[in-house]
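Whatever order the structure lists them in is the order used to number ligands and atoms, beginning at 1.
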Amino acid sequence: MIAYLRRHLGIKLFLSYLIVILVGVVILASTTQFALPGAFERHMLRMGAGMGPGMGPGMMNAPGSGLGQAEELYLNFRASFNEALALAVFVSAALALVVSMIFSRGVIAPVQDMMSVSQRIAEGHYNERVQVRGEDELSQLARCFNTMAGQLEQIETMRRQLIGDVAHELRTPLTAIKGSMEGLMDGVLPATDETFGQIYQEADRLSHLVDDLQELSRVEADTFKLDLRPVAVMDLVNSALGRLSRQYEEKGVTLTSSLPADLPLVQVDEDRVGQVLLNLVGNALQYTPAGGNVQISAVRDGDEVRIMVTDTGIGLPAEHIPHIFDRFYRADKSRSRRAGGGSGIGLTIARYLVEAHGGRIWAESEGEGQGSRFTFTVKAAK
Ligand code: ADP
């Protein structure tokens with residue numbers, strides 16, 4: 001019985017209402033029984049003052065009159081009063097019980113609704129929502145519950161999409177490696193340096209992809225700590241130039257920088273922002289044909305500094321610009337692969353890192369063949 005009570009909020013509520021009603025009834029009955037004789041005598045006295053002898057003080061015990069008229073009157077009055085009281089108690093208690101049942105249901109129904117919906121969500125039906133009625137705390141709880149369910153649904157969609165995307169990305173190099181190995185085993189492909197070179201390239205692509213995925217999961221999970229310090233933009237730029245200038249020379253693309261002398265220090269994690277800049281300068285090299293130019297520049301903008309990487313490369317069609325920071329998005333898959341492009345994760349990681357610094361990152365391009373400009377903002381050091 002107690003265990004049953006513990007498990008049912010509705011019964012608990014109902015019992016609490018019942019106890020309040022019973023306490024009310026007991027207090028009503030005992031107060032009236034206690035107060036009735038005194039009140040009766042007082043009123044009779046007042047009447048007696050106007051009715052002459054026999055109706056004076058102590059009339060109910062008055063000798064001679066015995067259990068006279070007054071006492072009989074009192075007993076009859078008490079009996080009729082008790083009868084009326086019993087009826088009133090019965091009717092009001094019955095009504096109170098009905099009302100309390102309705103109220104208990106009003107509280108229990110939304111809770112039960114949330115319970116069954118949460119069970120459905122746990123079973124994988126992420127599109128389930130509870131009905132929200134009214135503005136009280138229970139309705140607010142239902143609203144919060146729906147928000148939580150919406151977020152769970154979004155995470156689940158992203159998870160499914162990620163698994164699909166990763167499987168798709170892994171399949172391409174794996175199929176190429178498998179095909180080449182089968183060709184080698186069947187003797188269809190010659191065991192030359194070229195064949196081994198192709199297999200190596202695909203394996204290399206796989207290993208880059210896995211590294212990128214690991215980095216992506218780290219930045220998406222927000223598990224990295226930023227070591228914010230005042231850093232000179234010049235140091236960031238020099239570090240990117242140092243790491244990529246040889247590759248620029250090899251491809252025949254010019255890499256220059258232009259920084260105003262009064263540029264303030266920026267408050268950043270040097271390694272992380274260096275990684276963003278390296279990614280943008282690396283992309284610019286990848287998507288700029290030989291003979292082109294890439295320039296790194298920066299300007300102060302209020303309490304921020306804008307860092308820009310501008311190239312004269314293949315450019316970006318307008319319809320792709322809003323998506324290139326999305327995971328696995330490539331403006332043109334075949335073009336990107338031909339141009340030695342990667343997995344389409346680099347800009348996603350860059351966006352996470354810039355946003356973790358409280359900055360923004362965006363791309364601009366006049367269109368295909370017109371070059372592109374990637375800009376990100378960071379806070380100036382105080
Ligand atoms: P990827 O590893 O494929 O380069 P990114 O996330 O770095 O992936 O870039 C996403 C896509 O954005 C690229 O596939 C490419 O289509 C486009 N892109 C990036 N940088 C440039 C650029 N400088 N010029 C033209 N297109 C670019």
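A donor-acceptor pair shorter than 3.5 Å can be found between the side chains of T254 and N293. Looking only at atom types and distance, the side chain of Q275 has a donor-acceptor partner in the side chain of R272 under 3.5 Å away.
When non-hydrogen atoms are compared, ligand 1 lies under 4.0 Å from neither the backbone nor the side chain of H320. Contact annotation: for I345 versus ligand 1, heavy atoms closer than 4.0 Å belong to the backbone alone.
Which of D326, T310, L316, N283 comes nearest to atom 26 (N) of ligand 1 through a heavy atom is settled by distance: it is L316.
Atom numbering of ligand 1 starts at 1 in the shown order; those under 4.0 Å from a heavy atom of L347 are 5 (P), 6 (O), 7 (O), 9 (O), 10 (C), 12 (O), 19 (C). Using a 4.0 Å cut-off to heavy atoms of I324, the atoms of ligand 1 that qualify are 10 (C), 12 (O). Which parts of ligand 1 touch G315 is read off a 4.0 Å heavy-atom cut-off, strictly below it: atoms 25 (C). Taking a cut-off of under 4.0 Å to the non-hydrogen atoms of F374, the atoms of ligand 1 that pass are 19 (C), 20 (N), 21 (C), 22 (C), 23 (N). Within the listing of ligand 1, atoms 4 (O) sit less than 4.0 angstrom from a heavy atom of Q286.
In terms of N/O distances under 3.5 Å, ligand 1 is approached by S372. Taking distance alone, with nitrogen or oxygen atoms compared against 3.5 Å, I314 stays at or beyond that limit from ligand 1. Polar contact with ligand 1: present for G344 (N/O pair, distance under 3.5 Å).
Residues E169 and R327 are not paired through a salt bridge, judged by the lack of any N-O separation under 4.0 Å between the basic side chain and the carboxylate. We find that R246 and E249 are not joined by a salt bridge, their nearest charged nitrogen and carboxylate oxygen being 4.0 Å or further apart.
The closest approach between a heavy atom of G313 and any atom of ligand 1 is not below 4.0 Å.
The cluster map of Ile, Leu, Val, Met, Phe, Trp and Tyr, joined by side-chain heavy atoms under 4.5 Å apart, puts V266 and L278 in the same cluster.
When T157, L152, I155 are each tested for a side chain to side chain contact (heavy atoms under 4.5 Å, CB included) with Y126, only one passes: L152.
Classification of the H320-Y329 ring pair by plane angle, with boundaries at 30° and 60°, yields tilted.
Side-chain contact between F374 and N283: absent, with no pair of heavy atoms (C-beta onward) separated by less than 4.5 Å.
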